[in-house]
There are 2 protein chains.
Amino acid sequence: MPDRPVNAPYHHGDLRTAALQLGMERLANQEQPDLGLRALARDLGVSATALYRHFPNKDALLDALALEGLNRLGRHQAEATAKAGGGRDGFAEVGVTYVTWAVENPALLRLIYHRIGQVDLTTDDPTAMGEAFHQLRAGIAAMIPDEMRKDQRAAAALHAWSLVHGLAMLILDGQVEYDPAMVRKVVLMTDFKDS
Amino acid sequence: MPDRPVNAPYHHGDLRTAALQLGMERLANQEQPDLGLRALARDLGVSATALYRHFPNKDALLDALALEGLNRLGRHQAEATAKAGGGRDGFAEVGVTYVTWAVENPALLRLIYHRIGQVDLTTDDPTAMGEAFHQLRAGIAAMIPDEMRKDQRAAAALHAWSLVHGLAMLILDGQVEYDPAMVRKVVLMTDFKDS
DNA sequence: GTCGCAATGTTTATGCTGTTAACATGCCGA
DNA sequence: TCGGCATGTTAACAGCATAAACATTGCGAC
């Protein structure tokens with residue numbers, strides 16, 4: 001029973017792009033990264049299985065969305081790093097930026113970390129996911145003060161990443177209410193010293 | 001078609017307990033907290049819908065499992081706090097303990113934080129989930145050195161919690177490989193100072 | 001220009017899921 | 001002993017991801 005509008009052409013035009021666009025839109029307005037292929041197809045005015053012409057399966061769609069999200073996050077962090085100067089204040093600013101982005105894109109952040117875990121970075125498409133991922137890591141490493149001892153920089157980067165990511169997750173999971181001032185305060189409590 | 005063993009009695013005996021037990025067992029051996037009601041019932045030698053006599057829905061079962069997990073985690077943290085002395089080393093030890101528990105119980109940790117977010121702590125069963133939760137928070141607050149200024153203690157507790165939780169999540173999500181020495185090093189980088 | 005093929009979309013079907021309703025069984029107290 | 005309530009079963013529904021077979025269309029080669 002084709003209850004599709006009579007004017008709608010048989011071919012959509014650019015279903016893949018439209019799907020990713022609507023998918024991102026959805027993720028931007030949801031708390032959890034719950035996407036249904038059927039529901040998505042329905043709202044695209046297309047049959048339930050049409051998306052399989054563009055993605056081998058649901059995970060591939062989610063991976064594409066996660067990749068886009070990862071790129072946005074990486075870009076966002078790079079900008080923040082560039083804008084903020086060095087020193088403790090700059091460090092805090094970049095950290096706050098990470099948390100803020102997470103709060104504003106909860107479903108996307110969750111999807112990114114959820115999907116990344118499933119991907120074998122050694123074999124799967126090293127140009128896309130791995131690249132964007134490296135970009136994020138670099139942005140985080142850039143938070144670390146220059147005067148840090150070299151052999152401590154890796155640990156310091158991990159420390160910073162853990163701190164902001166954990167804080168973000170606690171907020172997203174409803175454990176802690178979002179309070180920019182508190183976020184800044186917490187991030188500022190980190191004062192690296194060689195031990 | 002009743003393909004259930006002929007000797008099996010019509011009544012199970014204590015299906016609720018058995019379900020929780022098998023559920024916990026499952027969670028202990030999985031990476032992701034994926035439980036299927038039907039699969040669970042099948043392995044309990046019971047019909048697909050039998051569990052609905054003991055839980056109103058799937059979420060209720062998951063909540064019960066999350067509650068049990070939360071109690072275990074809280075107890076674990078309390079023990080670690082008691083065993084470790086104060087000072088930086090004690091702090092680090094308790095932090096490492098949190099991460100270790102998370103690594104050993106990935107699905108359970110995920111379930112806990114996932115479920116807790118859905119629960120309205122003000123209305124839902126304040127005796128159970130909220131209680132166990134408060135217990136965990138207390139264990140974390142106990143990590144904070146005594147000489148800390150009072151108005152900084154809340155921020156310090158949040159800092160500590162964020163750090164270990166974030167580190168745990170990064171490891172569970174496959175971003176960072178688990179290395180106890182590295183974990184200890186990262187946790188030790190936190191040196192609280194009044195700012 | 002038209003013919004054919006590859007790309008794209010649709011229908012239909014399969015087996016999974018959570019959940020509800022109606023029915024069956026058996027334990028326990030009056 | 002008997003009746004009711006707790007517990008379990010069967011059947012059914014809607015929704016999901018996915019696969020196979022079929023339909024339509026646009027585009028490039030002749």
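All heavy atoms count here, side chains included; hydrogens, waters and symmetry mates do not. Chain A is the first sequence line, chain B the second, and so forth, proteins listed ahead of strands; every chain is numbered from 1.
The CZ atom of R16(A) sits 17 Å away from the C1' atom of dG9(C) (whole-angstrom rounding). Counting to the nearest Å, the P atom of dT19(C) and the CG atom of L40(B) are 13 Å from each other.
Residues forming a ring-ring contact (aromatic ring centres under 6.0 Å, His included) with Y113(B) (at least two apart in sequence, or on another chain): H165(B). By the side-chain hydrogen bond (donor to acceptor under 3.5 Å, both in side chains) test, D63(B) is found to be paired with R115(B), residues two or more places apart in sequence or in another chain being considered. Partners of F91(B) by ring-ring contact (aromatic ring centres under 6.0 Å, His included), not counting sequence neighbours, listed by chain and number: F192(B).
Applying the salt bridge (charged side-chain N to carboxylate O under 4.0 Å, His left out) test to residues at least two apart or on different chains, the pairs with a partner in residues 157-180 of chain B are R110(B)-D173(B). Counting only residues at least two apart or on different chains, no ring pair (Phe, Tyr, Trp, His ring centres under 6.0 Å) pair has a member in residues 19-45 of chain A.
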Nucleotide by nucleotide, 5' to 3', does protein get under 4.0 Å of the base (B), only the sugar-phosphate (S), or neither (-) in nucleotides 12-20 of chain D, counting heavy atoms?
B---BBBB-
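Between the axis at the start and the axis at the end of the helix from dG1(C)-dC30(D) to dA30(C)-dT1(D) there is an angle of 10°, using five pairs per end and rounding to 10 degrees.
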Review item, side-chain donor-acceptor pairs of residues 73-87 of chain B, under 3.5 Å, at least two apart:
residue : atom : partner : partner atom : Å
Q77(B)  : OE1  : Y98(B)  : N            : 3.4
T81(B)  : OG1  : Q77(B)  : O            : 2.8

In residues 18-42 of chain A, what donor-acceptor pairs under 3.5 Å come from side-chain atoms, sequence neighbours left out?
residue : atom : partner : partner atom : Å
R26(A)  : NH2  : D43(A)  : OD2          : 2.5
N29(A)  : ND2  : E25(A)  : O            : 3.1

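Taking side-chain N and O atoms only, H54(B) has no distance below 4.0 Å to OP1 or OP2 of dA6(D).
Under the 4.5 Å side-chain criterion, counting only non-hydrogen atoms from C-beta, I112(A) is not in contact with E68(A).
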